[in-house]
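For this chain, numbers begin at 1 and follow the sequence in order. Computed from heavy atoms alone, side chains included, the values below leave out hydrogens, waters and symmetry copies.
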Amino acid sequence: MAPGSYGTREGREGEGGEGGEGEACLNTHDDQPTTPSTGTGTGTSTGTVNGNGRYGGLARLCMAAMAVSGVVVMGVAVTSSTRHEESMSIPVLREAQAEVQAQAQAQAAEATSSASSSSSSSAAAASASSSSSLPAPHIILLTIDDMGFNDIGYQSTDIPDATPFMNSMAEQGVKLTQYYGQEMCTPARASLMSGRWPSSTNFADTQITQWSTNGLPLRFDLMPSKLQEFGYATVGLGKWNLGHCNEAYLPWERGFDHFVGYFSQGVDYYSHETSTYTTPDGDTASLYDFMEGYSASYSGVEGEDASGVYEAGTQYRGNYSTTLYRDLATDAIKRHAAAMRGRDETSATSAESSPSSSALSDYDSSIRPLFMWVAFHAVHRDDSSTPPTDSFSFLQEAYLTKLEQIDHISPNRLKNAELMMPVDDAVQSIVHSLEVHQMINNSVIVVHSDNGGDTCHAAGDSAPWGSNYPLRGRKMGYFEGGVRVPAFLYSPRLLDRAVGTEYAGLIHHVDWLATFVALAQGDSFKGVKDGAASDDIVRYGDGVNQWGAINGAGESPRTELVLDLPQNGSFTFARAEGSAELVEAWHGVAAVRVDDLKLIWSQNNETWFDAEVSTGTCPAYALAAECELQDTLKSTCSWERYLFNVTADASEKHNLYNVPEYADALAELEAFVEDLVVSKPVFDDAYSGMSGVETRALKTTMSEAYYDAGGYVVPWGCAVME
């Protein structure tokens, strides 16, 4: 089996697998397969050492050359930067970047000299205008599922060397230090794709599962469809989680030319099993969730006609999901470049031996801009999450062994590092593919998490656990640990003043749609459909264009976050105070931030978790799901009120809710929430208030559709929400 190709977990126990010369010591994925293999070949470093350990086969030869106590290879101490420079593709074509920056700097200077004011707003506009004559960039959006604040290497206290490539990208890009997502997967994706707060889309505190009867309302244009208006080709890979019960909700009906992935909240990393279901014969069978589809307007490479077709992705079963999405992403880039240049895939491949270092001004403008969203499965805790052993390089194996020898690193955190490493490799491969196909110089790459890390789950659980240290709380809640997440932007189009900086302005998922639309428009920053422009800052839905501020020109245009609102228009704080019944009936949860102050109303208490979280440090409440926000607000749970100055107190240790000096500020925040509740859009849900009998009948309808599709989750004809 060639390096970088798929394999299963066969050989994890017992004899070490065979491998070509040097394969157990190197994992660069330079030669990506274009068609996934479903074979079960053993990996290059599988098996055990002496029948009872991590390593086997040729991996033992690699480990003999390493002093595991501090990662040393052939007498050379290896740090993250050493690994990057010597064993990994550098994510910047430095000469080209210098030329691109010089071009952009000259344009920015010309724009600035013509301005009569040096205010921050005009500076932001000048920056935006400076990029307006550049071609629309390729936009690569990489979402890492459940990556906690302490999980990415450049800000991790316990697994810093698990992501050396992304560490290097972040150092050469812009780290977004006050980036916010949502509390869990579905609201996060709804806000990301629609550019609207979840409360504006009927997706607050909602989780799409294989049995869901709803989807993101059709009244909203989503990110891929909006970018299609500006000529983009669109590819989606990974976790959709925005609705599937009607064909109208499917990703290839919402703007993606091509999509491969799954619909529900989670699947097995290899088999794509999401749960079991009852067949029409009354048997219990495995239910799978993985589909591939093309839009009706899809036009692929010459001779290919798959428009309007979708089918179960049975050919992908058995492949580890992170590796699968890596290869599908690099193949999509390769095919896109070939199709746009009018070449076949063979001639496109020939470019891989000599990546171009041409500047943006010399860039091949025949390539249509590409938007690609890779919504990785990792590091979501699902069955069989452990990567194939042969997916680790010898440096990664050495680092994992080093972590195993550190007493305070729990098995759960070691598992998390194991999941982050293939993601880091996948990001490296995607960047490399952009390089070899002469697309990197005109690319904007965003890497981020959807929500906070899944810190604790069940006593004795051996699954990967995220860490949000030093923030309070975890996924499923609105403390900072649940919603403030790692993110960075990398692009050769960044100006010198922005490269290697930290952007401390407020930014949220909702802002990417406005930002990407601004970049896609070229020199036309006004008149955005379904949006408005103010001071040349494009607004779309609830989002604002952040490009100028990220690029070093001015302050953040965002001052507010609307993370959650009560779900009933009759809600007022005065009426709900002291009435657990009304709070439950109205799902009376509020989570907003205005400037420095953050109000959380009706949040079950969450604590601070150790940096290296383990079962022994998890409080009992964290090991049960009964008080999580997506469920009914049970009166048996403790729904409390909080007010924090999160600028001065990012760890939320000082609750100001009952402090007299903050009474006026609290009243203003409550009035802000009540105004938003009154103005919330109204949606007609055909399935609200169903009886138990009706619910069971509907589930039977779903099961029949799944059975007819070979045991796969498919649309079953639900009523759509406009």
Shortest non-hydrogen contact between A463 and R381, atoms and distance: CB-NH2, 3.4 Å
With sequence neighbours excluded, residues passing side chain to side chain contact (heavy atoms under 4.5 Å, CB included) with T209: Q207, W211, S212, Q265
With sequence neighbours excluded, residues passing salt bridge (charged side-chain N to carboxylate O under 4.0 Å, His left out) with D289: none
Lys/Arg-Asp/Glu bridge criterion (N-O < 4.0 Å) met for D145, K239: yes
No-hydrogen, no-angle side-chain donor-acceptor test under 3.5 Å, T163 and N167: yes
Those residues that, when tested against R484, pass salt bridge (charged side-chain N to carboxylate O under 4.0 Å, His left out) (two or more places apart): E480
Donor-acceptor contact present, side-chain D511 to main-chain H508, <3.5 Å: yes
Side chain to side chain donor-acceptor pair (under 3.5 Å) partners of E292, counting only residues at least two apart: H258, Y294, Q315, Y316
M421 vs L400, side chain to side chain contact (heavy atoms under 4.5 Å, CB included): CA-CA, chis, key distance, verdict: CA-CA 10 Å; M421 286 175 171; L400 290 172; 3.9 Å; yes
Heavy-atom side-chain contact between H448 and L141 under 4.5 Å: yes
Atom pair OG/CD of S391 and E397 - distance to nearest 0.5 Å: 8.0 Å
Validation row: V713, M291 side chains within 4.5 angstrom (heavy atoms): no
Qualifying residues under side chain to side chain donor-acceptor pair (under 3.5 Å), relative to W373, sequence neighbours excluded: T143
Y325 and F290 aromatic ring geometry - parallel, tilted or perpendicular at 30°/60° bounds: parallel
Heavy-atom closest pair, residues R474 and G453: CB-O, 3.7 Å
Spacing of OH belonging to Y270 relative to OG belonging to S321, to within rounding of 0.5 Å: 8.5 Å
Stepwise side chain to side chain contact (heavy atoms under 4.5 Å, CB included) check, Q178 with I507: CA-CA 6 Å; Q178 288 209 73; I507 182 169; 5.9 Å; no
Lys/Arg N to Asp/Glu carboxylate O, R413 vs D151, below 4.0 Å: yes
From OG1 (T234) to CD1 (I139), nearest 0.5 Å: 11.5 Å
Sequence-distant partners of Y503, ring pair (Phe, Tyr, Trp, His ring centres under 6.0 Å), two or more places apart: none
Contacts of type salt bridge (charged side-chain N to carboxylate O under 4.0 Å, His left out), residue K415, not counting sequence neighbours: none
Member of F149, F609, W608 meeting the side-chain contact (heavy atoms from CB on, under 4.5 Å) criterion with P470: F149
Heavy-atom closest pair, residues N451 and Q182: CB-O, 2.9 Å
Nearest-0.5 Å distance that lies between atom CD1 in I159 and atom CD1 in I406: 11.0 Å
Any donor-acceptor pair under 3.5 Å from Q396 side chain to S393 backbone: yes
Distance (rounded to the nearest 0.5 Å) between S286 OG and D268 CG: 9.5 Å
Partner residues of Y269 under the ring pair (Phe, Tyr, Trp, His ring centres under 6.0 Å) criterion, sequence neighbours left out: Y320, H377
Contact summary for Y490 and Q172, nearest pair of heavy atoms: CD1-O, 3.8 Å
Step-by-step side chain to side chain contact (heavy atoms under 4.5 Å, CB included) determination, L142 to V427: CA-CA 8 Å; L142 306 177; V427 174; 4.0 Å; yes
Full working for side chain to side chain contact (heavy atoms under 4.5 Å, CB included) between M169 and I445: CA-CA 10 Å; M169 284 185 73; I445 303 171; 4.1 Å; yes
F516 and W512 aromatic ring geometry - parallel, tilted or perpendicular at 30°/60° bounds: parallel
Any H138 side-chain heavy atom under 4.5 Å of V444 side chain: no
Sequence-distant partners of F371, ring pair (Phe, Tyr, Trp, His ring centres under 6.0 Å), two or more places apart: none
Any donor-acceptor pair under 3.5 Å from S443 side chain to M439 backbone: yes
Test ring pair (Phe, Tyr, Trp, His ring centres under 6.0 Å) applied to F479 - qualifying residues, sequence neighbours left out: Y642
Under the side chain to side chain donor-acceptor pair (under 3.5 Å) test, residues paired with H509 that sit two or more places apart: Y179
E273 side chain near V267 side chain, heavy-atom distance below 4.5 Å: no
F392 side chain reached by E418 side chain, heavy atoms, under 4.5 Å: yes
For the student: nearest non-hydrogen atoms of G473 and N468, plus distance: O-ND2, 3.3 Å
Straight-line distance of S275 OG to Y288 OH, nearest 0.5 Å: 11.0 Å
Any side-chain donor near an acceptor of the partner, Y478 and E183, under 3.5 Å: yes
Option among T322, I144, V379 that satisfies the side-chain contact (heavy atoms from CB on, under 4.5 Å) test with L419: V379
Close side-chain approach of H432 to H437, heavy-atom, < 4.5 Å: no
Exercise: identify the closest heavy-atom pair between C185 and D146: SG-OD1, 4.1 Å
Side-chain heavy-atom pair S385, P464 within 4.5 angstrom cut-off: yes
Qualifying salt bridge (charged side-chain N to carboxylate O under 4.0 Å, His left out) pairs, either residue in residues 164-182, two or more places apart: E171-K175
Test item: N150 and D158 side chains (from C-beta on) under 4.5 Å apart, heavy atoms: yes
